[in-house]
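Proteins get letters first, then strands, A, B, ... in listed order; numbering begins at 1 in each.
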There are 2 protein chains.
Amino acid sequence: MRLDDIDLKVLLALIKDPRIQISELADEVGVARNTAQSRLRRLQRAEILRDGGRDIDLSKLGYDVLAFVTLEVNHRDLDSVITALRQIPNVLEIHETSGRGDVWVRLIATDTHQLQSALRQILRIKGVTRSETTFALHTHLAYRAAPLLEHYAEHDH
Amino acid sequence: MRLDDIDLKVLLALIKDPRIQISELADEVGVARNTAQSRLRRLQRAEILRDGGRDIDLSKLGYDVLAFVTLEVNHRDLDSVITALRQIPNVLEIHETSGRGDVWVRLIATDTHQLQSALRQILRIKGVTRSETTFALHTHLAYRAAPLLEHYAEHDH
DNA sequence: CAAATTTTTGAACAAACTGCTCAAATTCTA
DNA sequence: TAGAATTTGAGCAGTTTGTTCAAAAATTTG
């Protein structure tokens with residue numbers, strides 16, 4: 001499915017506040033309330049908005065390639081490396097790690113070509129000395145926290 | 001902050017449907033509308049619900065230890081390994097990977113002791129031959145997709 | 001244990017919001 | 001350019017929301 005400008009604005013508004021009201025959403029996107037309503041419905045029906053709107057299924061938008069990148073970094077340059085990584089839209093998540101590598105990155109792309117390009121950007125960052133890329137071939141369990149919370153309840157009674 | 005039963009039910013209802021209406025939420029949780037409203041407000045104010053409710057800050061609930069676990073698995077047992085991993089509440093995410101290891105797991109715990117216990121559970125699973133754990137010391141960028149979506153717009157105009 | 005404090009409840013109200021329909025206007029597509 | 005699809009704005013009835021408040025219930029504290 002291809003998103004137009006309105007869809008994108010709807011998604012961005014929902015990311016900012018998933019509980020936004022339809023009328024406010026319409027205002028923010030700059031369309032009639034009816035339009036906002038039907039766009040939202042369509043996005044939910046297409047399951048681009050999963051779980052009623054909690055998060056966005058990027059694979060449905062063509063982002064099929066997911067990779068985990070482990071970086072080795074000169075410790076002196078760590079802050080600037082983080083800053084540079086943040087600028088890359090394909091970088092969805094950054095953690096400082098101990099063990100193998102110093103920084104762990106979640107990287108997403110539409111295809112391996114785009115991934116390659118993002119990886120080049122990363123390797124060009126001053127202070128990055130080495131990288132290792134692992135491809136996620138299949139998501140067996142997308143991020144979920146519900147069982148943990150249910151467990152939290154039992155744990156303390 | 002310590003959550004009671006009502007808070008947990010509120011969070012679980014919001015995970016299921018972040019756009020649930022207050023009155024329906026109150027019904028589902030089994031409290032008065034006023035109570036549901038004030039609990040929701042409190043959770044947002046405490047920033048346990050981030051971004052107005054999109055996702056839950058588990059570190060605020062005491063889950064301070066985050067680790068990425070890479071597993072080597074006998075390919076014959078892959079399905080049953082995945083099934084077993086799913087049963088563990090501390091496992092938040094599972095991907096099949098190529099490259100280093102066959103399965104990648106996001107694991108969370110309140111402390112290293114609890115982590116150790118979860119790791120033991122994992123290693124006991126039939127078919128898991130080896131594991132490697134990387135600790136996430138600091139989250140420099142929590143999952144975000146907004147910049148990617150903004151970029152998506154530019155990309156095709 | 002009893003008093004003090006906090007939380008929950010239910011009721012009430014006005015204002016706002018929702019889902020829905022519809023016909024006209026606009027935009028997109030073939 | 002004609003036909004199809006989408007958007008718009010208006011209207012309407014019904015629901016939901018935010019708010020306030022006092023009583024009841026639950027929790028904490030001395």
Colleague: I'd like to know whether CG of A:Asp79 has more than 12 heavy-atom contacts from other residues, nucleotides or ligands below 6.0 angstrom.
Modeller: no
Colleague: In whole angstrom, give the distance that lies between atom CZ of B:Arg19 and atom C1' of C:dG19.
Modeller: 13 Å
Colleague: In B/S/- notation, 5' to 3', how is nucleotides 24-30 of chain C contacted by protein heavy atoms closer than 4.0 Å?
Modeller: -------
Colleague: Under 4.5 Å between side-chain heavy atoms, counting indirect links through other Ile/Leu/Val/Met/Phe/Trp/Tyr residues: same cluster for A:Ile122 and A:Val81 or not?
Modeller: yes
Colleague: Taking atom CD1 of A:Ile20 and atom CZ of B:Arg19, what is their separation to the nearest 0.5 Å?
Modeller: 8.0 Å
Colleague: Test your reading of the model: is there a side-chain donor-acceptor pair from A:Arg106 to the backbone of A:Val69, 3.5 Å cut-off?
Modeller: no
Colleague: In whole Å, what is the span from the CG atom of A:Asp27 to the C1' atom of C:dT18?
Modeller: 15 Å
Colleague: B:Leu40 has an atom CG; how far is it from atom P of D:dT19, in whole Å?
Modeller: 13 Å
Colleague: Output yes when at least one side-chain N/O atom of B:Arg41 is less than 4.0 Å from OP1 or OP2 of D:dT19, else no.
Modeller: yes
Colleague: Quickly work out the B:Gln21 CD to C:dT18 P distance and round it to whole Å.
Modeller: 8 Å
Colleague: When the distance from CZ of B:Arg42 to P of C:dT8 is rounded to whole Å, what number comes out?
Modeller: 6 Å
Colleague: Judged by atom type as modelled, is there a donor-acceptor pair below 3.5 Å linking the side chain of A:Ser117 to the main-chain atoms of A:Gln121?
Modeller: no
Colleague: Compare every heavy atom of B:Leu78 with every heavy atom of B:Glu96, then report the nearest pair and how far apart it is.
Modeller: OE2-CD2, 3.3 Å
Colleague: Any residue in residues 31-39 of chain A with a heavy atom nearer than 4.0 angstrom to DNA chain C? Just list them by number, or reply none.
Modeller: A:Arg33, A:Asn34, A:Gln37
Colleague: I want to confirm an ordering. Mapping B:Asp4 and A:Ile22 to their closest nucleotides on DNA chain C, which one lands closer to the 5' end?
Modeller: B:Asp4
Colleague: Starting from P on D:dT17, measure out to CD on A:Glu24 and report it in whole angstrom.
Modeller: 14 Å
Colleague: Under 6.0 Å from the CD atom of A:Glu47, do we count more than 12 heavy atoms belonging to anything else shown?
Modeller: no
Colleague: For the pair made of CD1 in A:Ile6 and C1' in D:dA5, what is the distance, rounded to whole Å?
Modeller: 13 Å
Colleague: Measure CD1/A:Ile20 against C1'/C:dC17 and give the value in whole Å, please.
Modeller: 13 Å
Colleague: Give the ring-plane orientation class for A:His95 versus B:Phe68, where under 30° counts as parallel, over 60° as perpendicular and anything between as tilted.
Modeller: perpendicular
Colleague: Answer yes when B:Glu28 and B:Lys16 have at least one side-chain N-carboxylate O distance shorter than 4.0 Å, and no when they do not.
Modeller: yes
